[in-house]
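Structure first, then comments.
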2 protein chains.
Amino acid sequence: MARSLNARRPATLASLAAELGVSRTTVSNAYNRPDQLSPELRRRVLETARRLGYPGPDPVARSLRTRKAGAVGLLLTENLSYAFRDPAAIAFLEGLALACEDAGTGLMLVPASPEREDVAAVHRAGVDGFVVYSVPDDDPHLAAVLERPVPTVVCDQPEIGTVDRVGIDDRGAMGRMARHLIELGHRRIGVICMRLARDRNDSFVPVHRQHEAHFHVQRARLEALATEFTSAGVDWTGVPVVERFDHTIASGSTAAAQLLDRDPEITAIICTSDILGLGALAEAQRRGLRVPQDLTVTGFDGIPEAERLGLTTVRQPVLEKGRAAGRLLLDTVDPGRPRTVTLDTELIVGTSSGAPKPAAQQWYGP
Amino acid sequence: MARSLNARRPATLASLAAELGVSRTTVSNAYNRPDQLSPELRRRVLETARRLGYPGPDPVARSLRTRKAGAVGLLLTENLSYAFRDPAAIAFLEGLALACEDAGTGLMLVPASPEREDVAAVHRAGVDGFVVYSVPDDDPHLAAVLERPVPTVVCDQPEIGTVDRVGIDDRGAMGRMARHLIELGHRRIGVICMRLARDRNDSFVPVHRQHEAHFHVQRARLEALATEFTSAGVDWTGVPVVERFDHTIASGSTAAAQLLDRDPEITAIICTSDILGLGALAEAQRRGLRVPQDLTVTGFDGIPEAERLGLTTVRQPVLEKGRAAGRLLLDTVDPGRPRTVTLDTELIVGTSSGAPKPAAQQWYGP
DNA sequence: CTGAAAGCGCTAACAG
DNA sequence: CTGTTAGCGCTTTCAG
């Protein structure tokens with residue numbers, strides 16, 4: 001029967017127009033420009049739509065026509081399970097989501113795990129722009145994003161001359177941390193850092209790997225430490241640096257263990273993130289080391305739990321980073337020269353850092 | 001100049017084909033069906049593409065043609081700022097994101113705050129289906145989703161006969177909690193629940209509002225409490241129930257204060273979420289009430305922080321809910337009758353619940 | 001292995 | 001206020 005044939009294919013704007021005996025424009029206007037037709041006609045259109053089960057203009061067809069997808073893509077290269085367990089990453093996501101919400105724009109998480117080389121998802125994403133959060137400079141997904149003819153903003157890493165960026169002064173911030181520890185008297189230290197490249201190396205990091213790190217943020221932080229401690233007379237090549245691929249508290253613990261096993265004499269463990277710092281703290285406790293009397297531990301990020309535990313750290317405005325990234329992307333008017341937003345950080349001296357036992361400083365002395 | 005005109009409009013599949021002197025099909029095949037043309041020709045196509053700056057097939061045009069967007073939409077009605085601060089919501093998101101990642105599908109957060117009545121974002125979303133997480137039964141965004149001709153799965157609430165659903169047995173779970181407290185001897189209790197409707201009512205909840213609650217989950221939990229305590233001889237109409245619109249720890253604290261001010265004699269505060277429970281715990285501490293000696297506090301969800309603090313609660317597999325919702329949506333083959341996944345919960349008796357002071361139970365007596 | 005034809009469903013000028 | 005005209009950029013039978 002005709003009826004069943006009719007009901008078969010869902011109604012389209014054209015079929016609705018035909019049914020009503022008006023043009024497609026009119027139907028389109030009924031949805032998109034209510035002021036362009038009489039209220040009465042509009043009512044009739046909408047009612048007929050309901051009767052025919054027409055769900056309104058197809059979003060994809062509309063996007064094709066208007067060249068606007070109404071969404072931005074987010075590329076996170078961290079494994080999702082780690083990303084959603086890291087308060088800093090979540091706060092970033094929140095900030096970005098807020099910026100999108102303000103603009104009435106969707107936020108699409110693009111499936112791109114570090115393992116999967118499959119870049120197709122980036123090509124398939126119907127978005128008006130991308131935010132890239134902290135990926136290695138040789139990430140294939142990033143390369144795919146950059147090929148797409150849409151605006152992009154990178155948060156933290158890598159630094160790319162041609163696209164907008166938001167980040168912090170990692171070198172400066174870690175430099176201040178280093179000076180804080182140097183002033184306290186620490187000279188024999190160990191470092192725990194996050195993944196430095198796409199290959200897994202859960203072990204000590206030779207100096208050349210530090211310099212060749214594909215994660216600019218980690219590289220900058222390590223270099224800041226190297227610079228400051230070298231100035232303080234420490235031989236950086238002798239400083240043990242341990243790397244962890246997975247960004248978890250457990251990783252921080254095992255890394256701390258590796259460090260303390262190698263050199264039980266270290267007086268401070270500097271971590272490039274709070275998550276790792278939390279792990280180091282746990283390992284110290286497990287070994288019965290008092291913090292900070294026996295061991296100083298520091299982090300980076302300023303996540304609530306770290307601050308609650310008194311971890312000395314660098315607080316960075318993570319939520320603001322997300323929001324700034326979103327704004328930058330959504331404000332893109334003229335593709336002038338790339339903009340950079342650098343947000344401020346703050347050294348938070350908690351209770352996890354203090355003078356090392358043997359080397360009492362003047363102001364701690366008797 | 002012709003060249004600049006050429007460079008003006010970005011290359012398309014058609015222009016590439018013209019340049020190469022082959023048909024559009026061939027170019028399309030070079031991207032989508034490599035086995036359909038000679039490797040040599042394919043190489044030539046791809047190289048010319050690079051030279052012309054052709055970024056590959058436009059995803060939106062492709063979606064229109066293939067009728068696949070390669071993404072699912074997520075509708076959260078909680079304000080994003082609250083959603084991203086609630087560990088349970090985050091875990092749900094993680095589970096869903098994992099399911100999407102497994103399927104190589106994008107996950108689009110659709111901007112839909114409870115305040116904004118603007119349903120357009122739902123209409124604009126180019127997605128193959130929707131996951132709806134815990135929204136009121138009269139949510140306009142939900143209505144908009146249901147009008148769209150795509151599969152939908154609802155998590156937790158509301159219960160809709162026509163779409164897939166994943167949830168838990170809220171009534172049963174809260175019933176067990178109630179019996180636990182009744183066995184301990186609690187008869188004079190107070191309750192703190194989440195938002196019951198779209199309007200803000202940060203105050204006591206009359207019984208009729210409990211029954212008319214637009215959030216099925218809250219309604220079920222309250223009804224389970226009412227049933228069990230009534231069976232235990234408690235007059236439910238006399239039990240103070242306080243509602244909070246915002247789902248925050250601070251809300252839990254002020255709600256607990258409201259309860260304790262009204263009736264300082266209550267021996268237990270039952271919260272319908274851990275976040276609220278954490279707030280109640282904080283308020284108890286602020287007042288110098290010992291938990292559980294002076295006051296029993298319970299939660300619901302089983303978020304890590306609650307378990308760490310020993311909050312008696314119902315643990316539900318939140319991440320699994322997200323994953324199940326994603327799977328359900330992505331597995332949709334035949335639109336048979338709606339499926340329901342009900343996940344198990346577990347009563348976790350922590351250190352925040354104990355017998356009330358005056359009414360020593362036999363096994364706690366001398 | 002390659003090409004021609006036929007739209008997917010919609011919106012945006014621009015006339016009337 | 002309404003209709004006509006022209007595609008947006010792509011995939012997909014179906015012949016050759």
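In this text the structure is predicted, and so the values were computed from the model without any measurement. Note on naming: letters A, B, ... go to the chains in the order of the sequence lines (proteins, then strands), and numbering restarts at 1 for each one.
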Report task. Taking atom CZ of A:Arg124 as the centre, report whether more than 12 heavy atoms of other residues, nucleotides or ligands fall under 6.0 Å from it. Result ->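 Counting neighbours around CZ of A:Arg124, 12 or fewer heavy atoms of other residues, nucleotides or ligands fall under 6.0 Å, so no.
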Query - Salt-bridge present (A:Glu40, A:Arg44; N to O < 4.0 Å) - result: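 Here A:Glu40 does not pair with A:Arg44 in a salt bridge, since their nearest N and O are not under 4.0 Å apart.
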Query raised in the report: Salt-bridged, B:Asp58 to A:Arg67, with N to O below 4.0 Å?
Result: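 A salt bridge links B:Asp58 with A:Arg67.
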Would you mind reading off the distance between [X] atom [atom1] and [N] atom [atom2], rounded to a whole angstrom?
| X | N | atom1 | atom2 | result |
| --- | --- | --- | --- | --- |
| A:Leu64 | C:dC8 | CG | P | 13 Å |
| B:Lys68 | C:dC8 | NZ | P | 18 Å |
| B:Leu16 | D:dG9 | CG | P | 13 Å |
| A:Arg67 | D:dG7 | CZ | P | 15 Å |

Requested in this report: Go along nucleotides 10-16 of chain C 5' to 3' and tag each nucleotide: B for a protein heavy atom under 4.0 Å from its base, S when only backbone or sugar atoms are that close, - otherwise.
Outcome: BBBB---
Requested in this report: Just call it for B:Val60: base, sugar-phosphate, or nothing, with non-hydrogen atoms closer than 4.0 Å on any strand.
Outcome: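 If one applies the 4.0 Å heavy-atom cut-off, B:Val60 turns out to touch nothing in the nucleic acid.
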Query - Contacting residues from residues 37-46 of chain A, given that a heavy atom lies under 4.0 angstrom of DNA chain C - result: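 Heavy-atom contacts with DNA chain C come from no residue of residues 37-46 of chain A; none.
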Report task. Taking only the side-chain heavy atoms of B:Gln36 (C-beta and beyond), determine which of C:dG9, C:dT2, D:dT2 contains the nearest atom. Result ->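 The listed nucleotide nearest to B:Gln36's side chain is C:dT2.
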Report task. Using side-chain hydrogen bond (donor to acceptor under 3.5 Å, both in side chains) as the criterion, list what pairs up with B:Arg195, not counting sequence neighbours. Result ->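 If we apply the side-chain hydrogen bond (donor to acceptor under 3.5 Å, both in side chains) test to B:Arg195, skipping adjacent residues, there are no hits.
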Requested in this report: Mind checking side-chain hydrogen bond (donor to acceptor under 3.5 Å, both in side chains) for A:Asp35 and listing every partner two or more places apart, or none if nothing turns up?
Outcome: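 side-chain hydrogen bond (donor to acceptor under 3.5 Å, both in side chains) list for A:Asp35, sorted by chain: empty.
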Donor-acceptor pairs under 3.5 Å, side chain of residues 150-157 of chain B to any protein atom, not counting sequence neighbours: which ones?
{"from": "B:Thr152", "atom 1": "OG1", "to": "B:Val150", "atom 2": "O", "distance (Å)": "3.4"}
{"from": "B:Asp156", "atom 1": "OD1", "to": "B:Lys321", "atom 2": "NZ", "distance (Å)": "2.7"}
{"from": "B:Asp156", "atom 1": "OD2", "to": "B:Lys321", "atom 2": "NZ", "distance (Å)": "2.8"}
{"from": "B:Gln157", "atom 1": "OE1", "to": "B:His216", "atom 2": "N", "distance (Å)": "3.0"}
{"from": "B:Gln157", "atom 1": "OE1", "to": "B:Val217", "atom 2": "N", "distance (Å)": "2.7"}
{"from": "B:Gln157", "atom 1": "NE2", "to": "B:Ser134", "atom 2": "OG", "distance (Å)": "2.9"}

Query - Pairs flagged by side-chain hydrogen bond (donor to acceptor under 3.5 Å, both in side chains) wherever residues 92-110 of chain A is involved - sequence neighbours left out - result: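 Matches after skipping sequence neighbours: A:Glu94-B:Arg85.
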Requested in this report: Anything under 30° is parallel, anything over 60° is perpendicular, the rest tilted; go ahead and classify B:Tyr54 against B:Tyr31.
Outcome: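 Rings of B:Tyr54 and B:Tyr31: perpendicular, over 60°.
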